[in-house]
Amino acid sequence: MGTRQGGFGGNIASTREQARAESIPSLDGVRAIAVLIVFIGHGTNVPLMWPGNVGVTIFFFLSGFLITTLLRREWNKTGSISLSKFYLRRVLRILPPAYITISIAVVLGATGVLGATTTIWGVLAEVLNLTNYYLVFFGREGLPPETSMLWSLAVEEHFYLIFPAVMILLLRHRLTQRRIGRILLIACGVGLLWRIVLTIGGASFFHLYTGTDTRFDGLLAGAAMALLWNPVEGDPFPFRISRRTIARVLVPIAIALFAASALIQRDAIRLSIVDTVQYACLVPIFWFVITRPSSWVGRILNNQVVAHIGVLSFSIYLLHRLAIAVVAPLAIIDPARDMLAFAMTIAVAEVMYRLVEMPLAKVRRRLEVRLPMRKHEKDPDPVL
């Protein structure tokens with residue numbers, strides 16, 4: 001696809017451009033909010049009706065938006081999308097922290113620190129990113145202790161495996177990015193209809209909540225926004241609504257609707273329709289926080305501490321349930337236990353970030369500039 005940027009310096013420049021793309025204003029702050037929502041939802045002192053699940057909903061939308069923004073930028077800049085580099089980035093970014101977490105859980109279970117029913121099949125399911133469908137067919141039995149949250153990582157990994165190749169295929173067939181975005185919106189509608197059909201048919205909670213076939217539309221919704229209404233790339237908002245109207249009308253309505261839908265407890269509605277409503281709400285919310293980093297909301301999201309929690313969010317997500325479970329037996333009041341678990345999670349996540357994620361990011365950048373672009377990844381006449 002396209003012609004590759006020639007020369008060693010061109011590759012380095014491309015890598016730096018990607019680093020700038022990954023630091024879109026406010027997104028680290030959004031990550032921080034999402035992971036805090038999840039943490040509180042799993043805590044020992046969970047507030048009544050706390051919607052911890054919406055943290056994952058936000059993560060899915062954010063991941064689809066960010067990954068597709070990077071792919072779009074790569075295509076626009078180089079006329080190509082390198083699958084080898086994409087998969088290298090994903091593998092080195094995601095798998096080492098995930099495998100370390102799985103290993104910690106196995107050890108804690110084997111030594112009796114945590115109660116465990118771990119089996120080799122449960123471990124293999126997590127290692128192979130099949131946790132979500134393991135839950136569908138077998139439940140939590142056999143998984144390493146406090147690792148069932150890896151179902152969402154499995155959904156994202158399945159998306160990463162398929163989506164870039166599909167996008168390349170569509171671009172090769174000379175579809176414009178806007179047409180691809182519309183196709184993704186149609187696919188989101190299909191996902192909604194599929195959940196409704198499964199709900200009517202009596203599908204299990206785990207299938208509706210953790211299946212890739214039932215949750216893929218969250219990532220596609222973010223991807224559609226990245227192609228159709230991406231403020232980072234200068235796209236106008238849908239129907240060319242003014243920034244003032246977005247900030248003063250649409251965003252407050254979106255936040256209110258998102259919060260109200262998050263409180264719905266009836267599974268038949270929550271597991272079928274609510275996600276789609278929330279993804280629609282996230283479009284104006286994301287637009288606002290990205291384009292208004294100097295607003296009071298933007299200042300909070302881009303605060304150094306909040307943003308750093310966002311940087312650590314992946315490791316926090318992986319480790320938080322283990323920390324909560326380890327401190328749960330301590331004879332202290334619930335809020336103190338949760339605060340101790342949060343401090344422990346942050347500390348271990350910081351260690352993971354500095355000793356694992358940062359060094360591997362450097363390795364990733366060095367390897368990227370050495371990876372050739374394969375023939376099948378080239379197209380001399382890119383269309384966008």
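Sequential numbering from 1 along the given sequence is applied to the chain's residues.
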Report task. For the pair Ser152 and Tyr317, evaluate side chain to side chain donor-acceptor pair (under 3.5 Å) and give the outcome as yes or no after the intermediate values. Result -> CA-CA 10 Å; Ser152 62; Tyr317 183 77; 2.7 Å; yes

Query raised in the report: Is it true that a side-chain atom of Arg31 and a backbone atom of Ser313 form a donor plus acceptor pair closer than 3.5 Å?
Result: no

Report task. Give the minimum heavy-atom separation between Pro144 and Thr147, together with the two atoms involved. Result -> O-OG1, 2.6 Å

Report summary line: The reported gap from CG in Leu143 to OG1 in Thr117 (rounded to nearest 0.5 angstrom) is 7.5 Å

Requested in this report: Please name the residue in the list Ile285, Val38, Val30 that meets the side-chain contact (heavy atoms from CB on, under 4.5 Å) test with Ile58.
Outcome: Val30

Requested in this report: Rounded to the nearest 0.5 Å, what's the gap from CG on Leu70 to NZ on Lys85? Could you check?
Outcome: 13.5 Å

Requested in this report: Calculate, to the nearest 0.5 Å, the distance between atoms CG and CD belonging to Leu322 and Glu146 respectively.
Outcome: 6.5 Å

Report task. Salt-bridge test for Asp217 and Arg195: reply yes if a basic N is under 4.0 Å from a carboxylate O, no otherwise. Result -> yes

Requested in this report: Indicate yes or no for a side-chain donor-acceptor contact from Thr291 to the backbone of Trp287 under 3.5 Å, with no hydrogens or angles considered.
Outcome: yes

Report task. State plainly whether one hydrophobic cluster holds both Met167 and Ile183, where clusters connect Ile, Leu, Val, Met, Phe, Trp and Tyr through side-chain heavy atoms under 4.5 angstrom apart. Result -> yes

**Report entry** Rounded distance (nearest 0.5 Å) linking atom CZ of Phe258 with atom OG1 of Thr57
**Finding:** 6.0 Å

Requested in this report: Examine Leu282 and Val277 and state if one hydrophobic cluster contains both, with Ile, Leu, Val, Met, Phe, Trp and Tyr joined whenever side-chain heavy atoms are less than 4.5 Å apart.
Outcome: no

Query raised in the report: Between the side chain of Thr78 and the main-chain N/O of Ser80, is any donor-acceptor distance below 3.5 Å?
Result: yes

Query raised in the report: Step by step, would you call Ile67 with Arg90 a side-chain contact (heavy atoms from CB on, under 4.5 Å)?
Result: CA-CA 10 Å; Ile67 288 299; Arg90 294 302 94 201; 3.9 Å; yes

Query raised in the report: Using the benzene-type ring in the case of Trp, are the ring centres of Phe61 and Phe286 under 6.0 Å apart?
Result: yes

Query raised in the report: Between Thr68 and Ala226, what is the shortest heavy-atom contact and its length?
Result: CB-CB, 3.6 Å

**Report entry** Sub-4.5 Å side-chain heavy-atom contact between Thr101 and Met352
**Finding:** yes

Report task. Please answer whether the main-chain N or O of Asn132 pairs with a side-chain N or O of Thr210 as donor and acceptor at a distance below 3.5 Å. Result -> yes

Report task. Considering non-hydrogen atoms only, spot the tightest contact between Pro96 and Val356 and give its length. Result -> CB-CG1, 4.1 Å

Query - Same apolar cluster: Ile273 and Leu198, side chain cutoff 4.5 Å - result: no

Query raised in the report: Are Leu171 and Ile162 connected, step by step, through hydrophobic side chains (Ile, Leu, Val, Met, Phe, Trp, Tyr) whose heavy atoms are closer than 4.5 Å?
Result: yes

Query - Heavy-atom side-chain proximity of His42 to Trp50 below 4.5 angstrom - result: no

Report summary line: Rounded to the nearest 0.5 angstrom, the CG-CG distance for Leu318 and Leu153 is 6.5 Å

Requested in this report: With the side chain counted from C-beta on, respond yes when Leu227 and Arg178 share a heavy-atom pair under 4.5 Å apart, and no when they do not.
Outcome: no

Report task. List the steps, then state whether side chain to side chain donor-acceptor pair (under 3.5 Å) holds for Ser315 with Glu357. Result -> CA-CA 9 Å; Ser315 292; Glu357 295 184 50; 2.5 Å; yes

**Report entry** Where Ala116 and Gly109 come nearest, the two heavy atoms and their spacing
**Finding:** CB-CA, 3.6 Å

Report task. State, yes or no, whether a side-chain contact exists between Phe65 and Asn230 at a heavy-atom distance under 4.5 Å. Result -> yes

Requested in this report: Any chance you could measure Thr69, atom OG1, to Ile24, atom CD1, to the nearest 0.5 Å?
Outcome: 5.0 Å

Query raised in the report: Given the side-chain rings of Phe138 and Trp121, with only the six-membered ring counted for Trp, is the space between their centroids under 6.0 Å?
Result: no

Query raised in the report: Should we say atom CZ of Arg270 is surrounded by more than 12 heavy atoms from elsewhere, each under 6.0 Å from it?
Result: yes

Query raised in the report: Is the shortest distance from a Lys or Arg side-chain nitrogen in Arg73 or Glu233 to a carboxylate oxygen in the other one below 4.0 Å?
Result: yes

Report task. Consider only side-chain heavy atoms of I, L, V, M, F, W and Y, link residues closer than 4.5 Å, and tell whether Leu271 and Val274 are in one cluster. Result -> no

Report task. Evaluate the criterion side-chain contact (heavy atoms from CB on, under 4.5 Å) for residue pair Tyr160 and Ser63; output intermediate values, then yes/no. Result -> CA-CA 10 Å; Tyr160 296 148; Ser63 293; 3.7 Å; yes

Query raised in the report: Under 4.0 Å between a Lys/Arg side-chain N and an Asp/Glu carboxylate O for Arg240 and Asp235?
Result: no

Query raised in the report: Do any N or O atoms from the side chain of His308 and from the backbone of Gln304 form a donor-acceptor pair under 3.5 angstrom?
Result: no

**Report entry** Cationic tip of Arg215 above Phe60 ring, under 6.0 Å, 45° of axis
**Finding:** no

Query - Contact check, side chains of Phe86 and Ile81, non-hydrogen atoms, under 4.5 Å - result: no

**Report entry** Modelled atom types, side-chain donor and acceptor of Tyr133 and Asp213, under 3.5 Å
**Finding:** yes

Query raised in the report: Does a side-chain heavy-atom distance below 4.5 Å link Leu184 with Phe163?
Result: yes

Requested in this report: Considering non-hydrogen atoms only, spot the tightest contact between Arg337 and Ile332 and give its length.
Outcome: NH1-O, 2.7 Å

Query - Non-hydrogen side-chain atoms of Val106 and Val123 separated by less than 4.5 Å - result: yes

Requested in this report: Take Val127 and Tyr99, measure what side-chain contact (heavy atoms from CB on, under 4.5 Å) needs, and give me the verdict at the end.
Outcome: CA-CA 7 Å; Val127 169; Tyr99 289 167; 3.7 Å; yes

Query raised in the report: For Gly298, does its backbone N or O pair with a side-chain atom of Asn302 as donor and acceptor, under 3.5 Å?
Result: yes

Query raised in the report: Mind checking whether His320 and Phe39 have parallel, tilted or perpendicular rings, split at 30° and 60°?
Result: tilted

Query - Worked check of side-chain contact (heavy atoms from CB on, under 4.5 Å) between Val35 and Phe314 - result: CA-CA 8 Å; Val35 80; Phe314 180 52; over 6 Å; no

**Report entry** CD/Gln265: more than 12 non-hydrogen atoms of other groups inside 6.0 Å
**Finding:** yes

Report task. Without swapping roles, check the side chain of Ser26 against the backbone of Val289 for a donor-acceptor pair under 3.5 Å. Result -> yes

Requested in this report: Report yes if some heavy atom in the side chain of Pro164 is under 4.5 Å from a heavy atom in the side chain of Leu71; otherwise report no.
Outcome: yes

Report task. Please report the closest heavy-atom contact between His207 and Thr214, naming both atoms and the distance. Result -> O-OG1, 2.8 Å

Report task. Give a yes or no on this: more than 12 heavy atoms of other residues, nucleotides or ligands lie within 6.0 Å of atom CE of Met339. Result -> no

Query raised in the report: Counting only heavy atoms not in Tyr87, do more than 12 fall under 6.0 Å of its OH?
Result: yes

